[in-house]
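Report on the following structure.
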Amino acid sequence: MAAKLEAVTGHYMQLEIQGRQNRVYFEQAGQGIPLLCLHTAGANGSQFRHLLNDPEITRNYRVIAFDMPWHGKSLPPIGYHLEEYRLTTDLYVETVLAVCRGLTLEQPVIMGCSMGGRIVLQLALAHGAEMRAVIGLESADHQEPWYDTDWLHRPDVHGGEVSAALVSGLVAPQSPDEFRWETLWGYLQSGPGVFKGDLYFYRADSDYRERIGDIDTARCPVYLLTGEYDFSCTPEDTLRTAARIKGAEATIMEGLGHFPMSEDPQQFRRYIMPILDQIRGR
Amino acid sequence: MSTMAATVAELADRVNCNAGLVRRGRFVDLEFMLQIGDQAHYLCISNGQLTAITPGPMLMRPWRFAVHIQAEAWFQFCQTVPRPGYHDLFAMCKLGVARIEGDLHPLMANLRYFQELLATARPKPTEADHGG
């Protein structure tokens, strides 16, 4: 019997980012308003597979999820073995903009989760005119660290195992086991030091507390959604962030944790669909 | 907190009957202390099997690491669907109702094992718990 093919297609693209050539993998489905999805630290774009496979979304949106360099099926740049990977605000912004230019996305909606939810704030601030809206999932302008990232990359602890274990507590207890473990697989398979390198951005190079008040939501609307079980980016972190951005809309999602799109797609749908409808109607 | 002690005492059966969990902890050989409120328990693990739970206090008894959880927090943690903040050891540490001390290496190298070991204290969820 012939296999059922998903409507999702994958491609590789060559992108120059900060003067270095990168082979970047992305998946897409649908047509209409570009909806560019940014995965969490240490993971990859497959976290968004449920949105890519949702006909009610792809009817109106061209959903695109790419693997950041070093993640998933994207390669690290040449010479990676000579350096310690460290994501920064500048590198992250340039990567996202390179993808937008490379795929000629016009006025995309950018939706990111966790570190992706952090960078959408900077994108709204510095490049808001080029975007139709941003959606920050598990998004805050800053948050307090809760463990020592040195545990993530050392020879006597399996980096994938400890990364997955640490983030496992961020999944809501109600989330279906099937999707909990699929979410953790992204961490279990991540490259050595990649999660730690992403967290450099998250913890050391993205304190936006002093800046986000300048985001112009009339130009680029900001929607923030955070799961009630997320103790990394807490509901309080998100509500505090929203309070600093005039016009931002914040919602705390019941029964969800730090990975809403992948840990419980049906529950997440209840929250994301009205926002996508609202953005489309603008 | 006799009900707390009972919950901890039941951990051995629950862990040792869980073949997947024992396999996950197959390289774990140590004793750690689990202190619930004022009550200490020394949990001895051999190749992933929880072979003994010894109630404290016991002066001069060594352990590799210790997990301290406030009694009310442990009660919340043990619910079928715990409240946000009480659903994970690190969540409780961040909340300030639990803390970890000692040699963290065996804990971190086998973190998922220890998380699941503690979670066996919860009743098994039913379909209704996953509803909504």
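By convention in this document, chain letters (A, B, ...) are assigned in the order of the sequence lines, proteins followed by strands, and residues within each chain are numbered from 1.
The parts of B/Leu104 that come within reach of chain A are both its backbone and its side chain, each placing non-hydrogen atoms under 4.5 angstrom from that chain. At a 4.5 Å heavy-atom cutoff, B/Arg122 makes no contact with chain A through either its backbone or its side chain. For a residue to count as touching a neighbouring chain, one of its non-hydrogen atoms must lie under 4.5 Å from one of that chain's; by this rule A/Asp156 touches chain B with backbone and side chain alike. Heavy atoms closer than 4.5 Å to chain B are found in the backbone of A/Val171, but not in its side chain.
The shortest side-chain heavy-atom distance between B/Lys94 and B/Asp88 does not fall under the 4.5 Å cut-off. At least one side-chain heavy atom of A/Asn53 sits less than 4.5 Å from a side-chain heavy atom of A/Val8. A/Asn44 places none of its side-chain heavy atoms less than 4.5 Å from the side chain of A/Lys73.
Using a 4.0 Å cut-off between a side-chain N of Lys or Arg and a carboxylate O of Asp or Glu, A/Asp264 and A/Arg180 do not qualify as a salt bridge. Using a cut-off of 4.0 Å between Lys/Arg side-chain N and Asp/Glu carboxylate O, B/Asp103 and B/Arg64 are scored as salt-bridged.
Top candidate by heavy-atom pairs under 4.5 Å with chain B, chosen from A/Gly227, A/Ser168, A/Ala164, is A/Ser168.
Of residues 106-118 of chain B, those residues with a non-hydrogen atom less than 4.5 Å from any non-hydrogen atom of chain A are, in numerical order, B/Met108, B/Ala109, B/Leu111, B/Arg112, B/Gln115, B/Glu116.
Results of the salt bridge (Lys or Arg N to Asp or Glu O under 4.0 Å) test with A/Asp141 over A/Arg244, A/Arg118, A/Arg209 single out A/Arg244 as the only residue that passes. When the options A/Glu138, A/His258, A/Gln143 are evaluated for a side-chain hydrogen bond (donor to acceptor under 3.5 Å, both in side chains) with A/Ser232, the one that passes is A/Gln143.
No more than 12 heavy-atom neighbours from other residues, nucleotides or ligands sit within 6.0 angstrom of CG on B/Asp38.
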